S.K.: 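Submitted below is the structure of interest, expressed as structure tokens.
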Amino acid sequence: QVQLVESGGGLVQAGGSLRLSCAVSGGTFSTNLMGWFRQAPGKEREFVAVIHWSGQPTWYTDSVRGRFTISMDGAKNTVSLDMNRVKPEDTATYYCAAKVTHWRTKSGAGYWGQGTQVTVST
């Protein structure tokens, strides 16, 4: 049974930093894409960052490029998202995804985590 367990969400001040982690178990994803998506209240789930299990290549949505970094630790089966210089508009529930199939025009993946809340205060 595949499980994706996110951790690291919370309340952070604008301009601060936060690190999200996702522990992956129960499956083999060495040829797949992993990713982070987010969903704000009243909005659709959107792509934040995607990475191949090997660590490269990576893709970022324009609004986070240069501020967020996605990374893989294959030995620990963990995908992380380092969030720097966060803004109030980054407030959302962040979801880890495995076997990502779509990320630009729509959000699609074979497996999703339960989500972790990130709230950025002014």
Side-chain angles (χ1 to χ4, degrees):
Q1 180 180 353
V2 174
Q3 283 192 314
L4 282 69
V5 180
E6 301 103 334
S7 61
L11 177 64
V12 59
Q13 284 191 329
S17 299
L18 206 61
R19 181 178 173 92
L20 306 183
S21 294
C22 174
V24 183
S25 62
T28 302
F29 303 103
S30 60
T31 61
N32 298 126
L33 300 175
M34 309 293 293
W36 286 95
F37 293 73
R38 65 187 180 188
Q39 187 167 16
K43 295 187 176 182
E44 292 188 352
R45 189 171 299 187
E46 65 174 3
F47 142 72
V48 176
V50 170
I51 188 170
H52 189 269
W53 185 267
S54 66
Q56 290 291 337
T58 59
W59 295 265
Y60 296 92
T61 193
D62 288 345
S63 63
V64 309
R65 187 177 292 110
R67 299 188 298 122
F68 292 8
T69 301
I70 189 171
S71 60
M72 275 298 313
D73 186 334
K76 296 182 178 179
N77 289 351
T78 300
V79 55
S80 300
L81 184 70
D82 288 299
M83 306 168 62
N84 297 307
R85 304 193 306 278
V86 295
K87 303 176 181 180
E89 51 263 44
D90 293 323
T91 295
T93 300
Y94 283 71
Y95 296 90
C96 176
K99 289 192 174 180
V100 174
T101 55
H102 299 83
W103 64 93
R104 293 202 182 278
T105 56
K106 61 179 179 178
S107 299
Y111 304 94
W112 296 94
Q114 291 298 308
T116 185
Q117 178 67 36
V118 172
T119 302
V120 182
S121 64
T122 55

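Treat the numbers as computed from the prediction; the structure is a model and nothing was measured.
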S.K.: Drop me the distance from Asp73's CG to Ser80's OG, to the nearest 0.5 angstrom.
M.R.: 7.5 Å
S.K.: Test of understanding: clusters of I, L, V, M, F, W, Y form through side-chain heavy atoms closer than 4.5 Å, transitively. Do Leu81 and Leu11 belong to the same one?
M.R.: no
S.K.: First locate atom SG of Cys96, then atom CD of Gln114, and finally report the distance between them rounded to the nearest 0.5 Å.
M.R.: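 Nearest 0.5 Å value for the SG-CD distance: 11.5 Å.
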S.K.: Measure across Met72 and Val79 and return the closest heavy-atom pair with its distance rounded to 0.1 Å.
M.R.: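 So the minimum-distance heavy-atom pair works out to SD-CB, 3.5 Å.
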S.K.: Of all the heavy-atom pairs spanning Arg67 and Ser63, show the shortest one and how long it is.
M.R.: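 So the minimum-distance heavy-atom pair works out to NH2-O, 2.9 Å.
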S.K.: Which pair of non-hydrogen atoms, one from Ala109 and one from Ala98, has the smallest distance, and what is that distance?
M.R.: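 Taking Ala109 first and Ala98 second, the nearest heavy atoms are CB-O, 3.6 Å.
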S.K.: Look up atom CH2 in Trp36 and atom CD in Glu46, then write down how far apart they are to the nearest 0.5 Å.
M.R.: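 Between atom CH2 of Trp36 and atom CD of Glu46 there are 14.5 Å.
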S.K.: Mind checking the CZ-NZ spacing from Phe29 to Lys99? Nearest 0.5 Å is all I need.
M.R.: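 Taking CZ in Phe29 and NZ in Lys99, the distance rounds to 6.0 Å.
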S.K.: Out of the candidates Val5, Leu4, Asn77, only one should pair with Cys22 under the side chain to side chain contact (heavy atoms under 4.5 Å, CB included) rule; please name it.
M.R.: Leu4
S.K.: How far does CZ of Arg19 sit from CG of Asp82, to the nearest 0.5 angstrom?
M.R.: 4.5 Å
S.K.: Kindly write out the residues that satisfy side-chain hydrogen bond (donor to acceptor under 3.5 Å, both in side chains) with Tyr94, not counting sequence neighbours, or none if the list is empty.
M.R.: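 With sequence neighbours excluded, Tyr94 shows a side-chain hydrogen bond (donor to acceptor under 3.5 Å, both in side chains) to Arg38, given in chain and number order.
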S.K.: Going by side-chain hydrogen bond (donor to acceptor under 3.5 Å, both in side chains), name the residues that satisfy it together with Ser7, two or more places apart in sequence or in a different chain.
M.R.: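 Ser7 satisfies side-chain hydrogen bond (donor to acceptor under 3.5 Å, both in side chains) with no other residue.
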S.K.: Can you tell me how far the OG1 atom of Thr58 sits from the NE2 atom of His52, to the nearest 0.5 Å?
M.R.: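 Interatomic distance, Thr58 OG1 to His52 NE2, rounded to 0.5 Å: 12.5 Å.
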S.K.: Mind checking whether Met34 and Val2 sit in one hydrophobic cluster, side chains of I, L, V, M, F, W, Y counted as touching below 4.5 Å?
M.R.: yes
S.K.: Each residue besides Val100 in its hydrophobic cluster should be listed here, by chain and number; the cluster joins Ile, Leu, Val, Met, Phe, Trp and Tyr at side-chain heavy-atom distances under 4.5 Å.
M.R.: Leu33, Phe37, Phe47, Val50, Trp59, Tyr95, Trp103, Trp112
S.K.: Can you give me the closest heavy-atom contact between Val48 and Val64, atom names plus distance?
M.R.: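 Shortest heavy-atom separation between Val48 and Val64 comes out as O-CG2, 3.7 Å.
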S.K.: Check whether Thr91 reaches the backbone of Val120 with its side chain - one donor and one acceptor, N or O, closer than 3.5 Å.
M.R.: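 Yes, Thr91 side chain to Val120 backbone: donor-acceptor pair under 3.5 Å.
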S.K.: I'd like to know whether CD of Glu44 has more than 12 heavy-atom contacts from other residues, nucleotides or ligands below 6.0 angstrom.
M.R.: no
S.K.: Which heavy atom of Thr122 sits nearest to which heavy atom of Pro88, and what is that distance?
M.R.: CG2-CG, 3.5 Å
S.K.: Do the side chains of Asp62 and Arg65 get close enough for a salt bridge, i.e. N-O under 4.0 angstrom?
M.R.: yes
S.K.: Verify, without hydrogens or angle tests, whether Thr116 (side chain) and Glu6 (backbone) share a donor-acceptor contact under 3.5 angstrom.
M.R.: no
S.K.: Identify the heavy atoms of Ala92 and Gln117 that sit nearest to each other, and give their distance.
M.R.: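 Nearest pair, atom of Ala92 first, then Gln117: O-NE2, 3.5 Å.
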